[in-house]
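Every chain is numbered from 1 and lettered A, B, ... according to where its sequence line falls, protein lines coming before strand lines.
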Amino acid sequence: MSKIHVTTKVNGDEVEYLCEPRETLLDCLRDHLDLTGAKEGCGTGDCGACSVTMDGRLVCSCLVLGAEAQGKEIATIEGMAEDGALHPLQRKFIEHAALQCGICTPGILVAAKSLLEKNPDPTETEMRYWLAGNLCRCTGYDKIIRAVMDAAAEMREAS
Amino acid sequence: MSVRTPLPHDSAPLHVTGRARYVDDIPTPATCLHLAFGMAQIAHGRITSMDLDAVRSAQGVVQVIAGSDLDEIPDCSPSAEDEPLLSDGTIHYLGQPVFLVAATSHLAARRAVTLAKITYEEATPLLTIDAALEANSRFEDGPRVYEKGDVDQALSSAAHVIEGRIEMGGQEHFYLEGQAAMAMPQDNGDMIVHSSTQHPTEIQHKVAHALHLPMNGVRVETRRMGGGFGGKESQGNHLAIACALIAHRTGLPAKMRYDRDDDFMITGKRHDFRIDYRVGVNDEGRIAGAEFTQMTRCGWALDLSLPVADRAMLHADNAYHLPAARITSHRLRTHTQSATAFRGFGGPQGVVGIERVMDHIAHALGLDPLQVRQRNYYDDAFGAGVAQGGLSAPPGPPEDISGTKKAGTAHKLSSGTGASKRFGGAHSPEPMAGGAQTTPYHMEVTDFLLNGLTEKLATDCDYAARKAAIAEWNAGQPVLKKGIALTPVKFGISFTLTHLNQAGALVHVYADGSVHMNHGGTEMGQGLNQKVAQVAADRFGISPDMVKITATDTGKVPNTSATAASSGSDLNGMAVKAACDTIRDRMAEYLATEHQVKPHQVRFADGMVHVGAEEIPFAEAANRVYMGRVSLSATGYYKTPDIEWDRIAGRGRPFFYFAQGAACSEVVIDTLTGENRILRTDILHDAGSSLNPAIDIGQIEGGFVQGAGWLTTEELVWDETGRLRTHAPSTYKIPACSDRPRIFNVALWDAPNPAETIYRSKAVGEPPLMLGISVWSALADAVSACGPNYPDLQAPATAEAVLAAVARARG
């Protein structure tokens, strides 16, 4: 099976890889670009552990083909901290103990950042329903919501 | 002081940047093979033919192995050697691995698996409790029975006898990280295995057995899991053994991770239970005698079903004193996945049984369910609320439900400059004056505190007024109905297999004062490593960031028990403390001699070593001791004192102490659809003197939500052929962000553990799961508001089940 050559931008950097037509973007990120922050929790777009953004839109990278990334801009958890400085969401997750095993954390952070870019002042209900596609089996979600709401408040103040 | 501080999880900075490495994230050599199982497509029968030619010739496939290709099929069972890695020709459940594919990629292996052509001679599978009972298909010779007092007499003379049946479903662990393992071949046929497991020693043991190596030929490393919940206590054996087998045969590294659907189909889940009950009560709802018959589907193999079923029996009383009791347990063998450990380990099922009884008594006698519960509680230990006399360590004041945690009031530990003697000897709670009440397994309950705790929670969450307001609200609502319930948990802490209650640790202090810490426990998100690192830092009087947390490694600490039974920080905290104290004593002795003072005049605090009048930075002290040719490395060991248990007789003291708590939940149901929401939950939970309140509250919140999920939306459905139809998050609903209670208040009952545990803390992993029962009980309360009849709500209380119960209530 011939492979497809893909040129795309990941976290601002131009990258290229060869992938099989059936390979997912998630597998391309993990296996070809060594970006293992996005995780496979279900492979069917139901758990959100593989969340990334493609041209600014939140997607489950397990439901996107690697070949579809051609010419797009992908943002993953690895690009969230800038120049070593944690994003407010990342800081607040640590501060609020909003994580336990940590495997859902990258996806939740990417999803929360995506919401705050669209809506810097979400209600708690909006936040909860936006994140309903990101499953966490450890925390019970309360600290996650508190961390995101706190980060949103801080980001509003800073802007 | 580093203990009792709400420090973040040690890996938090890695988690939030995506840099925390799980097994599937470890960079693999280019030659690494990827594995997948081919699974049986019938639930019971024999394989009549297996054509794997197309599998073998598929792109990327390197090796294909069926059971018949092996001289000896490796065993994967943690208990009874009854789980062959691949079917020996007999099929025991739909999903059973029958062949193994090794290919150049995960995708290639999974694709190749689908090309197999297998024919079967089908037999009738035993899928249900009734079918298994009828066929007398069971583990052990017959039912186990624990008995106390004359139950028949108590029932025949009781004013009221209430009987019924509660069926509760199982639960899929749904650890977000599926099962995964990787094996790397070494010199002389030795093997290194990376495994997402709660039990590295078991993986080592089973891989060594499979490869005919001594245990010293296999080293297993576990840095972290993406969730475990009991599902990685034994269920990772298959992957590790498969990887080791392929690595051994090919000389290449091998990795295996289950796709989520395969994980559901292959691995065991929480045991589902049916409990029949008969209780005799007086007019006040006080129980005179209770009889429980517990039946559980263990699935096809023994796995851990015996201790799980035992623990269900041991929690049939939960928080209630049963003057006479008989608990009968049937462990049924069925052609389904082999049910396994899941947070609570049978305890939750036992507790649901009696919580259901409390609600049933209240409904039958027209009493408030909370009042019935309180009337049947064990007596509190002295100082815990109700003065009954006896305990030597009165607890500190509880906190306000909404308050932040106060500093602990626990006992100071020994200064530690003396001999590093074992801490936690025979100092568990003393028997109460005049004899304590006993459990149905004849253990005295001497540390009960739920009377005071319940009173405090009921007051803080305004139970009585809200209950009245709900009744008034319900009277005016034709469609929506609210319900409220306050339920307790008392959970026994210790492995019931007594020899497992031991742990080891290895601690090094380097000449620059940095500390390397290792112990036998595994990190699955529960914050064990952080809590134990805080213990180590406290022993040396240094900052926790000076303590390096390292991967669990069978080469460093041998013969460990699974990180299970909530025992992680109790056991490993003590073992690490012992190791640290050994080193600290050596340092103190050397520095004391050098300064001509007594060793007890050497203190370790605030990053300094105080030797008489002199203060030496810890790093400098370590270097001096090293220069003085004193070893700065030590092992530590701990075994839980004061426990002994005869599981056949059902007598003894299986638990070192009880962890307790209570939750009050308010729900609303839609009587037209059965749809429901949790409106508010208040929790007061006993973690002793918490080692880390942030981490412990996280365990409580997560446990509660997971327990509520088990009893509400998480429904496992097998069809009549034995195929599990709920095999992914698309069909199996765990709680999501939108399901959490609208109002959620969680506080710690901050009182030191009377038993001498590490810094007087209490285990907190499993007990909070049972706080979720308050949601189910509140749903039953809401349904009861719909009509005069007993609604007989079963579990899980899915919208469908709630709707059916509404109909029953209306009659």
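A heavy-atom distance below 4.5 Å is found between the side chains of A:R137 and B:P735. For the pair B:I697 and A:K143, the minimum side-chain heavy-atom distance is below 4.5 Å. Annotation: side chain of A:L135 is in contact with side chain of B:I734 (closest heavy-atom distance under 4.5 Å).
The shortest non-hydrogen separation linking A:G140 to B:V705 is CA-CG2, 3.5 Å. Nearest heavy atoms, A:Q90 versus B:V16: NE2-O, 2.8 Å. Here the shortest heavy-atom pairing between A:I103 and B:Y22 reads N-OH, 3.3 Å. When every heavy atom of A:R146 is checked against every heavy atom of B:F744, the shortest pair comes out as NH2-O, 3.4 Å. Residues B:G18 and A:P106 come closest through the heavy atom pair CA-CG, 4.1 Å. Closest heavy-atom contact between B:D261 and A:C42: OD1-O, 4.4 Å.
Contacts between B:R19 and chain A at a heavy-atom distance below 4.5 Å are absent for every atom of the residue. For chain A, no part of B:F264 is nearby; none of its heavy atoms comes within less than 4.5 Å. A:D27 touches chain B through its side chain: at least one heavy atom from C-beta onward sits under 4.5 Å away, while N, CA, C and O do not. With a 4.5 Å cut-off on non-hydrogen atoms, B:F704 does not touch chain A at all. Only the backbone of B:A20 comes within less than 4.5 Å of a heavy atom of chain A; no side-chain atom from C-beta onward does. Contact of B:P741 with chain A is made through the backbone alone, with heavy-atom distances under 4.5 Å. Proximity to chain A involves both the backbone and the side chain of B:S730, based on heavy atoms less than 4.5 angstrom apart. Heavy atoms closer than 4.5 Å to chain B are found in the side chain of A:I145, but not in its backbone. With a 4.5 angstrom heavy-atom cutoff, B:R257 touches chain A only via side-chain atoms. With a 4.5 angstrom heavy-atom cutoff, A:A132 touches chain B via backbone and side-chain atoms both. Neither the backbone nor the side chain of A:L89 comes within less than 4.5 Å of any heavy atom of chain B.
Most heavy-atom pairs under 4.5 Å with chain A, from the set B:G698, B:S105, B:P8: that is B:G698. Note on A:G133, A:C136, A:C138, A:G37: by heavy-atom pairs under 4.5 Å with chain B, the leading option is A:C138. Among the candidates B:R742, B:R21, B:R224, the residue making the largest number of heavy-atom pairs closer than 4.5 Å to chain A is B:R742. The greatest number of non-hydrogen atom pairs below 4.5 Å with chain B, out of A:I94, A:N134, A:D142, is found for A:D142.
Comment: B:R260 does not engage A:E40 in a salt bridge, judged by the lack of any side-chain N to carboxylate O separation of less than 4.0 angstrom. B:D24 has no carboxylate O lying under 4.0 Å from a charged side-chain N of A:K39, or vice versa, which leaves the two without a salt bridge. A salt bridge does not link A:E23 to B:R111: none of the charged side-chain nitrogens sits closer than 4.0 Å to a carboxylate oxygen. Under the 4.0 Å criterion applied to side-chain N and carboxylate O atoms, A:R128 and B:D739 are not assigned as salt-bridge partners.
Separating the CG atom in B:D25 from the CG atom in A:L35 is a distance of 11.0 Å, to the nearest 0.5 Å. Taken to the nearest 0.5 Å, the CD1 atom of A:I108 stands 7.0 Å off from the SG atom of B:C737. How far OG of B:S738 is from OH of A:Y141: 8.0 Å, rounded to the nearest 0.5 Å. For the atom pair CD (B:E177) and SG (A:C104), the distance works out to 12.5 Å, reported to the nearest 0.5 Å. The NE2 atom of B:H15 sits 6.5 Å away from the SG atom of A:C101 when rounded to the nearest 0.5 Å. Within the model, atoms OG1 of A:T139 and CD of B:Q706 stand 10.5 Å from one another, a figure rounded to the nearest 0.5 Å.
Counted within 6.0 Å of NZ on A:K72, heavy atoms from surrounding residues, nucleotides or ligands total more than 12; the atom is thus considered enclosed.
Among residue pairs with one or both ends in residues 692-711 of chain B, those qualifying as salt bridge (Lys or Arg N to Asp or Glu O under 4.0 Å) are B:K531-B:D696; sequence neighbours excluded.
Test B:Q526, B:Q699, B:H9 against A:Q100 for side-chain hydrogen bond (donor to acceptor under 3.5 Å, both in side chains) and you get one pass: B:Q699.
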